[in-house]
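No hydrogens, no waters, no symmetry mates; every other heavy atom, side chains included, goes into these values. The chain is numbered in sequence order, starting from 1.
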Amino acid sequence: MLAATPLGDARDASQRLRDAMATADVVAAEDTRRLRSLAAALGVAVTGRVISHYDAVEAARLPRLLDDVRAGRTVLVVTDAGMPAVSDPGYRLVAAAAAADLPVTCLPGPSAVTTALVLSGLPAERFCFEGFAPRRDGERRRWLAGLATEPRAVVFFESPHRLADTLTAAVDVLGAERAAAVCRELTKTHEEVLRGPLDELAGWAVEGPVRGEITVVLAGAAPAEAPTVESLVDAVQERVADGERLKDAVAAVAEAAGVRKRELYAATLATRPS
């Protein structure tokens, strides 16, 4: 089973997590020291076998963990904070267990993704999660360009040391006025949520220093305004000037723009000399 762990405040741990930590035969932890600290904070004695389960060893741990499940042992997977498999180890084990027709379950709980989304104050009916922003400037700008027309809210993680560069690039690519929120140290003593246009948030980050774990939420792009029929007449006339029949030109432009052919045809005829 996979289990969400507190982001910072141990009181967010569910009773099911406490019970699982105390009774699991095997606990696969992203950081075994963090596991021991959490167990101490919760007053839970971990009696099962504890193994490390971080990115670099996740694939190598699969065979034995699958064997444990086949043997009827309870395997608990936890990461340092939040939900396993969400930009953390866990998905490889779930995929392998599912492929082997072995049982998998999840103990729900804290997630920086949904916590930041709620606190952002931005429309959250639909959203997407992008993991960590790319580190290199060129890749980061191409990634941001791909989000320029994304209508959903976008949630991503960022290092405090790269936040200023990422927000500055976002101003260049997405525009200074795009609404966003920077959520820092969620559920911890120094929790901070800054909301505003990207240029203001970038200015704050540049002044720095920024510390702690960072989750950023970008507002979804505003829907593009539908073109008016009149604004498409020039495109029709250009195609006609290149030798295309008027009806064919109208049909092509109308389909591409999502307007009615009849209205575009009438608007084009209205511009012709009588």
Side-chain angles (χ1 to χ4, degrees), residues 2-5 7-8 30 55 58 77 79-95 98 104 106-160 162-187 191-202 205 210 212-226 258:
L2 284 74
T5 55
L7 302 178
E30 184 179 12
D55 286 333
E58 184 179 7
V77 178
T79 53
D80 292 347
M83 182 64 72
V86 180
S87 283
D88 272 327
Y91 84 89
R92 291 185 179 88
L93 180 57
V94 173
V104 181
C106 178
L107 308 185
S111 169
V113 177
T114 51
T115 302
L117 188 67
V118 169
L119 289 176
S120 71
L122 298 170
E125 291 83 0
R126 300 172 64 227
F127 72 94
C128 60
F129 174 59
E130 289 283 320
F132 278 90
R135 296 189 177 195
R136 298 179 182 274
D137 185 62
E139 294 177 4
R140 182 190 298 129
R141 288 175 180 271
R142 286 190 292 273
W143 169 71
L144 288 167
L147 299 176
T149 59
E150 171 57 63
R152 297 169 295 178
V154 178
V155 185
F156 65 91
F157 297 152
E158 185 52 289
S159 159
R162 293 191 296 272
L163 181 64
D165 289 340
T166 295
L167 293 180
T168 299
V171 170
D172 294 341
V173 177
L174 303 178
E177 297 303 315
R178 184 81 163 255
V182 175
C183 305
R184 190 179 72 84
E185 293 290 87
L186 290 171
T187 78
E191 176 179 289
E192 184 177 23
V193 179
L194 294 99
R195 308 172 184 89
L198 277 172
D199 60 345
E200 290 185 10
L201 296 176
V210 179
E213 297 186 351
I214 304 293
T215 306
V216 179
V217 185
L218 296 173
E225 293 186 6

S.K.: If you take all heavy atoms of A202 and T168, which pair is closest and at what distance?
M.R.: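 Answer, listing the atom of A202 first, then T168: CB-N, 4.0 Å.
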
S.K.: Report the C-alpha separation of V155 and T215 in whole Å, then their side-chain angles, then the decisive distance to 0.1 Å, and conclude whether the side-chain contact (heavy atoms from CB on, under 4.5 Å) test is met.
M.R.: CA-CA 7 Å; V155 185; T215 306; 3.6 Å; yes

S.K.: For a side-chain contact (heavy atoms from CB on, under 4.5 Å) check, start with the C-alpha distance between F129 and S87, then their side-chain angles and the critical distance, and finish with the verdict.
M.R.: CA-CA 10 Å; F129 174 59; S87 283; 3.5 Å; yes

S.K.: Centre-to-centre under 6.0 Å for W143 and F156, is that the case here?
M.R.: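 Yes, close enough.
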
S.K.: How many angstroms lie between CG in L119 and CG in L194, if you round to the nearest 0.5 Å?
M.R.: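 Atom-to-atom, L119:CG and L194:CG are 12.0 Å apart.
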
S.K.: Under the salt bridge (charged side-chain N to carboxylate O under 4.0 Å, His left out) test, which residues partner E185, sequence neighbours left out?
M.R.: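 Only K188 meet the salt bridge (charged side-chain N to carboxylate O under 4.0 Å, His left out) criterion with E185.
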
S.K.: Would R140 and D137 count as a salt bridge (charged side-chain N to carboxylate O under 4.0 Å, His left out) here? Give the steps.
M.R.: CA-CA 5 Å; R140 182 190 298 129; D137 185 62; 3.6 Å; yes

S.K.: Run through L107, V94, T79 and flag the one making a side chain to side chain contact (heavy atoms under 4.5 Å, CB included) with P84.
M.R.: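 So the option named by the test is T79.
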
S.K.: List for me each residue that meets salt bridge (charged side-chain N to carboxylate O under 4.0 Å, His left out) alongside E192, sequence neighbours excluded, and say none if there are none.
M.R.: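 R184.
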
S.K.: Could you grab the distance from atom CG of L93 to atom CG of L2, nearest 0.5 Å is fine?
M.R.: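 So the CG of L93 and the CG of L2 are separated by 6.5 Å.
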
S.K.: Nearest 0.5 Å please: distance from the CE atom of M83 over to the OG1 atom of T114.
M.R.: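 Output value for this atom pair is 8.5 Å.
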
S.K.: Which atom names give the shortest non-hydrogen contact between L201 and L167, and what distance separates them?
M.R.: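 Closest approach of L201 to L167, heavy atoms only: O-CD1, 3.6 Å.
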
S.K.: Please give me the minimum heavy-atom distance between A4 and P110, naming the atom from each residue.
M.R.: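 Result for this residue pair: CB-O, 3.6 Å.
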
S.K.: Within a radius of less than 6.0 Å around CD of E213, do more than 12 heavy atoms belonging to other residues, nucleotides or ligands occur?
M.R.: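 Not more than 12 within 6.0 Å, no.
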
S.K.: Which atom names give the shortest non-hydrogen contact between P89 and D55, and what distance separates them?
M.R.: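 That closest heavy-atom pairing would be CG-OD1, 3.4 Å.
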
S.K.: Grab the two heavy atoms, one from G90 and one from A85, that are nearest each other, plus how far apart they are.
M.R.: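 Nearest pair, atom of G90 first, then A85: C-CB, 4.0 Å.
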
S.K.: Can you spot which of L144, L147, L174 makes a side chain to side chain contact (heavy atoms under 4.5 Å, CB included) with V154?
M.R.: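 For V154, the side chain to side chain contact (heavy atoms under 4.5 Å, CB included) test succeeds with only one of L144, L147, L174, which is L147.
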
S.K.: Test D80 against T5 for side-chain contact (heavy atoms from CB on, under 4.5 Å), laying out the working first.
M.R.: CA-CA 7 Å; D80 292 347; T5 55; over 6 Å; no

S.K.: May I ask you to test the E177-D199 pair for a side-chain heavy-atom distance under 4.5 Å?
M.R.: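 Of all side-chain heavy-atom pairs linking D199 with E177, at least one is under 4.5 Å.
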
S.K.: When rounded to the nearest 0.5 angstrom, what is the spacing between CG in L7 and SG in C183?
M.R.: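 One finds 11.0 Å between CG of L7 and SG of C183.
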
S.K.: Let me see the working for V86 and V113 under side-chain contact (heavy atoms from CB on, under 4.5 Å), right down to the final yes or no.
M.R.: CA-CA 9 Å; V86 180; V113 177; 4.0 Å; yes

S.K.: Check whether any side-chain heavy atom of P197 sits under 4.5 Å from a side-chain heavy atom of R178, and report yes or no.
M.R.: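 P197 does not reach R178 side chain to side chain.
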
S.K.: Verify, without hydrogens or angle tests, whether E191 (side chain) and T187 (backbone) share a donor-acceptor contact under 3.5 angstrom.
M.R.: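 Checked: pair present.
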
S.K.: CZ of R152 to CG of L218: how many Å apart, nearest 0.5 Å?
M.R.: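 Atom-to-atom, R152:CZ and L218:CG are 13.0 Å apart.
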
S.K.: If we ignore angles and hydrogens, is there a donor and acceptor under 3.5 Å between the side chains of R195 and S120?
M.R.: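 Short answer, no.
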
S.K.: So which heavy atom on L117 is nearest to which on A153, and how close?
M.R.: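 Smallest heavy-atom distance, with atoms named: CD1-CB, 4.1 Å.
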
S.K.: Measure the spacing between CZ of R135 and OG1 of T166 and express it to the nearest 0.5 Å.
M.R.: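 Rounded to the nearest 0.5 Å, the CZ-OG1 separation comes to 11.0 Å.
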
